[in-house]
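Everything below concerns the one structure shown next.
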2 protein chains.
Amino acid sequence: MAHLTNCIAMMDEGIGRVSQIIPQLPAPEARLCRLMLMVGASLEEELEFKLKPHKLNHSEFLTLMILYSRPDGSSTPGELCEFATQGATNMTRIANALVKRGLITRGASEEDRRRVLIRITPAGKRFVQKMLPPMFPRVATMFAGFSDNDKHNLSRLLRKLAHNLDQLNSDAQP
Amino acid sequence: MAHLTNCIAMMDEGIGRVSQIIPQLPAPEARLCRLMLMVGASLEEELEFKLKPHKLNHSEFLTLMILYSRPDGSSTPGELCEFATQGATNMTRIANALVKRGLITRGASEEDRRRVLIRITPAGKRFVQKMLPPMFPRVATMFAGFSDNDKHNLSRLLRKLAHNLDQLNSDAQP
DNA sequence: AATTCATATTTCACTGATGAAATAAAAGAT
DNA sequence: ATCTTTTATTTCATCAGTGAAATATGAATT
């Protein structure tokens, strides 16, 4: 039963008590942080759960989806590293796995022959088109009871939060 | 520079193109999912980063904070497992680590002697009171530009999402 | 009192991810 | 032509987390 709801209730009480001991605590913001962390982790779990039957992990799925979403179905390891937030070593591994399953191909770029061109195969496209639709119902259920306004607002606020996080991280490495 | 913002822009275009190929895709919901995942992961990173200097990982910190936030400063492994979303094996390890550092103690419960009573020590309380305040500025910065209304809305929407996720997971194991 | 259940720990093994440094190949700069 | 930089891969070593099953102890049930 209601695991997240439980944890959230407990967190609410906890932060309430802590902010009595430490009044400088920015309690509403701390609550939002914890909420984001809990819900984010739960969502991550849910995703990995849906991917397991297809023998994909999050990074592999993300990489494949990036390629699928490209007009020409292709990219380079470097670019994929950035968007999938992975180190180069890992991207090599991910590509290895996807190549082995025939979902992508690796080839040398024409213009710059240091670069490797990664391209989704027809089989890769079919694979995505087959695995994606069964996820839709659960995704829709997650946002059951959200009005269009709610969705718009959540989107706006998450983007604002993302922007602030980028600021934080750019100040860190000058 | 703006890593998250970059990834988000790319995700927006990507989902736009995918939903042209697969019209049944619930695009706004899929965008919200990806946003949650990206921002959640970034927040997680930020937290681990702040914890590193104190040689704590997320679970250890969370466990310590739960104890700190209790009126009597105590709990049991079983309860901590639930709220920290950890297996029993792991909780034993976490407790070991915190005991070794003198932040908590382990003792047998009076009422039920199968149970172990875990209690934060005065040193543990001092530790928390010392490590917490330096985090406040960064937490506040994350929500810079959020009106009270924004915060209230974000909180409300995250809780609603959490509730829906709980539903999803309870339907799964009947 | 014997059996079953609940709680926590220990042992063991494994998986998964990670990443630094060395290597290779090609482009760009001097 | 040589040196430097960019890009990707390989090698190697680890680390972190995880978790199932066996063990130990005490409570609850019969």
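Values reported hereafter were calculated over all heavy atoms of this structure, with side chains retained and with hydrogens, waters and symmetry mates removed. Order of the sequence lines fixes the chain letters, A, B, ..., with proteins taken first and strands second; residue numbering starts at 1 for each chain. Note that the structure is predicted; figures quoted are calculated from it, not measured.
For A:N153, the side-chain hydrogen bond (donor to acceptor under 3.5 Å, both in side chains) criterion is met by A:N149, A:R156, not counting sequence neighbours. Looking at residues two or more places apart in sequence or on another chain, you find a side-chain hydrogen bond (donor to acceptor under 3.5 Å, both in side chains) between B:T5 and A:D166. In terms of the side-chain contact (heavy atoms from CB on, under 4.5 Å) criterion, A:E110 has no residue partners (sequence neighbours excluded). For A:R114, the salt bridge (charged side-chain N to carboxylate O under 4.0 Å, His left out) partners two or more places apart in sequence, or in a different chain, are A:D112. Annotation: salt bridge (charged side-chain N to carboxylate O under 4.0 Å, His left out) contacts of A:K125 (sequence neighbours excluded): none. With sequence neighbours excluded, the residues that form a salt bridge (charged side-chain N to carboxylate O under 4.0 Å, His left out) with B:R31 are B:D12. Applying the side-chain hydrogen bond (donor to acceptor under 3.5 Å, both in side chains) test to A:R17 and every residue at least two apart in sequence or in another chain returns nothing.
As rounded to whole Å, 13 Å separates atom C1' of D:dT18 from atom CE of B:M91. Taking atom CD of residue A:E45 and atom P of nucleotide D:dG17, one finds them 15 Å apart after rounding to whole Å. Across the protein-nucleic acid pair, A:L80 atom CG and D:dT9 atom P stand 10 Å apart, rounded to whole Å. Rounded to whole angstrom, the span from the CZ atom of A:R115 across to the C1' atom of D:dT9 amounts to 16 Å. Following rounding to the nearest Å, B:I94 (CD1) and C:dT9 (P) show an atom-to-atom distance of 12 Å.
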So B:E46 and B:K50, salt bridge (Lys or Arg N to Asp or Glu O under 4.0 Å) or not? Walk me through it.
-> CA-CA 6 Å; B:E46 160 77 12; B:K50 282 190 291 209; 3.4 Å; yes

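In this structure, B:H3 contributes its side chain and A:E82 its backbone to a donor-acceptor pair below 3.5 Å.
Taking a 4.0 Å limit (strictly below) on heavy-atom distances, residues 69-78 of chain B reaches DNA chain C at B:T76, B:P77, B:G78.
Sorted by first and then second residue, the salt bridge (Lys or Arg N to Asp or Glu O under 4.0 Å) pairs involving residues 54-80 of chain B (not counting sequence neighbours) are B:R70-B:E79. Residue pairs meeting the ring-ring contact (aromatic ring centres under 6.0 Å, His included) criterion with at least one member in residues 57-88 of chain A: none, sequence neighbours excluded.
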Sugar-phosphate means primed atoms, P, OP1 and OP2; the rest is base. With that split, encode nucleotides 10-23 of chain C 5' to 3' as B, S or - using protein heavy atoms under 4.0 Å.
-> BB-----SBBB---

Which letters describe nucleotides 24-30 of chain D, given B = protein heavy atom under 4.0 Å from base, S = only from sugar-phosphate, - = neither?
-> --BS---

